[in-house]
Amino acid sequence: MDVNIRNGNDGKIASVSSTNRLNVSAKTNPRIFYTSRDNGLAFNAIATSATNSAGEFVMTMKNTSTTRNLFMKHIEFHSTNDVVWQIFEVTGTGVGTAIVPSNLNLGSGLSAEVDCVGSGAVTGLTEVKQIGTHRSQAGGDSEMNYENALILTPNSQIAIKYLSGTAGANEIDMFFHYEDIGAR
């Protein structure tokens, strides 16, 4: 008995190789790649500070989209000192230097729908709960990989706190992308 597998969109029949194996393909790159390539909705926000004191928020990001969730891929940390970084869910309006994230698809003209502040002390925030801790060594770099599991729904916000006994320079890169609410 022959069985045909048909595409639900246009009714085409699935192909089979000469060794009787179903020809299939899979998406194996990270989701941020496909979102960048197909929709132009992948971004990097960079905060650079000459010096921060222990206990200061150094960067905040709020999803201002009303139709899309923001998926955090990973956060990179660079510093001149040994630092403990804390990531918090926060509320409030971050006061500091505005940051405009860069679109990772250089052919896309789309902008990120965020309020992003950093590159120095950020004030005006209230901690809701801590959602991560990370350490980096002096002069080194490290990464906290959320693998897109940290999701900022519309109007939700995160902030990064700098904890070091010594004030010092640091840089943070936040890599993220958007997907429509309810998309899979």
Side-chain angles (χ1 to χ4, degrees), residues 27 29-49 52 55-79 83-136 141-163 170-184:
K27 291 183 173 183
N29 281 319
R31 201 166 182 130
I32 193 170
F33 165 80
Y34 297 103
T35 303
S36 182
R37 181 191 70 184
D38 300 339
N39 307 108
L41 289 171
F43 301 88
N44 182 25
I46 303 166
T48 302
S49 179
N52 279 106
E56 289 181 337
F57 282 114
V58 295
M59 187 174 189
T60 185
M61 181 176 289
K62 180 178 184 177
N63 181 6
T64 60
S65 176
T66 59
T67 61
R68 295 183 177 115
N69 287 327
L70 183 156
F71 293 80
M72 189 63 60
K73 171 69 171 113
H74 66 272
I75 303 171
E76 293 179 359
F77 303 96
H78 317 272
S79 61
V83 178
V84 174
W85 304 94
Q86 294 178 325
I87 296 89
F88 286 90
E89 177 184 1
V90 296
T91 60
T93 302
V95 178
T97 303
I99 296 171
V100 178
S102 298
N103 193 311
L104 296 175
N105 180 334
L106 301 184
S108 173
L110 299 175
S111 299
E113 295 177 89
V114 294
D115 284 335
C116 189
V117 176
S119 297
V122 177
T123 60
L125 302 174
T126 301
E127 296 173 10
V128 175
K129 64 183 169 195
Q130 187 174 348
I131 55 176
T133 299
H134 194 74
R135 292 181 182 274
S136 63
D141 58 8
S142 59
E143 169 185 303
M144 182 170 243
N145 192 348
Y146 282 104
E147 298 183 9
N148 301 317
L150 176 54
I151 303 168
L152 279 67
T153 56
N155 292 314
S156 59
Q157 182 176 358
I158 62 170
I160 299 173
K161 187 179 276 189
Y162 174 93
L163 296 174
N170 59 80
E171 298 84 32
I172 299 169
D173 288 76
M174 285 187 178
F175 291 87
F176 62 97
H177 75 276
Y178 289 97
E179 293 182 21
D180 291 340
I181 294 173
R184 293 202 181 246

Asp115 CG to Lys62 NZ distance, which is reported to the nearest 0.5 Å: 6.5 Å
Heavy-atom pair of closest approach, residues Met61 and Val114: CG-CG1, 3.9 Å
Minimum-distance pair of heavy atoms, taken over all atoms of Ile32 and Phe176: CD1-O, 3.7 Å
Set of residues satisfying ring pair (Phe, Tyr, Trp, His ring centres under 6.0 Å) with respect to His134, sequence neighbours excluded: Phe77
Nearest atoms (heavy-atom pairs only) where Phe43 meets Ala112: CE2-N, 3.4 Å
Nearest-0.5 Å distance that lies between atom CD1 in Ile46 and atom CE in Met174: 12.0 Å
Validation row: Leu104, Phe175 side chains within 4.5 angstrom (heavy atoms): yes
Glu113: salt bridge (charged side-chain N to carboxylate O under 4.0 Å, His left out) partners, not counting sequence neighbours: Arg68
Side chain to side chain, Ile99 and Ser119, heavy atoms closer than 4.5 Å: yes
Smallest separation among heavy atoms of Leu110 and Ser108, with atom names: N-OG, 3.1 Å
For Tyr146, the option from Met72, His74, Lys73 that meets side-chain contact (heavy atoms from CB on, under 4.5 Å): Met72
Separation of Glu56 CD from Ile160 CD1 (nearest 0.5 Å): 14.0 Å
Point-to-point distance, once rounded to the nearest 0.5 Å, from CD of Glu143 to CD1 of Ile75: 10.0 Å
Distance in Å, Asn44 CG paired with Ser36 OG, rounded so as to fall on 0.5 Å steps: 11.5 Å
Side-chain donor/acceptor of Asn103 to backbone N/O of Gly40, under 3.5 Å: yes
Would you tabulate the side-chain donor-acceptor contacts of residues 149-156 under 3.5 Å, counting partners in other chains and residues two or more places apart, or write 'none'?
residue : atom : partner : partner atom : Å
Ser156  : OG   : Thr153  : N            : 2.8
Ser156  : OG   : Thr153  : O            : 2.7

Thr60: side-chain contact (heavy atoms from CB on, under 4.5 Å) partners, not counting sequence neighbours: Val90, Val117, Val122, Leu125, Gln157, Ala159
Member of Ile172, Val84, Val58 meeting the side-chain contact (heavy atoms from CB on, under 4.5 Å) criterion with Tyr162: Val58
Heavy-atom pair of closest approach, residues Cys116 and Met59: SG-CE, 3.8 Å
Test side-chain contact (heavy atoms from CB on, under 4.5 Å) applied to Asn29 and Tyr34, step by step: CA-CA 7 Å; Asn29 281 319; Tyr34 297 103; 3.6 Å; yes
Pairing residues for Phe71 by the ring pair (Phe, Tyr, Trp, His ring centres under 6.0 Å) criterion, not counting sequence neighbours: His177
All salt bridge (charged side-chain N to carboxylate O under 4.0 Å, His left out) counterparts of Glu127, not counting sequence neighbours: Lys161
Option passing side-chain contact (heavy atoms from CB on, under 4.5 Å) with His78 (candidates Asp141, Val83, Asn170): Asp141
Interatomic spacing from CH2 in Trp85 to OG1 in Thr133 - rounded to 0.5 Å: 13.0 Å
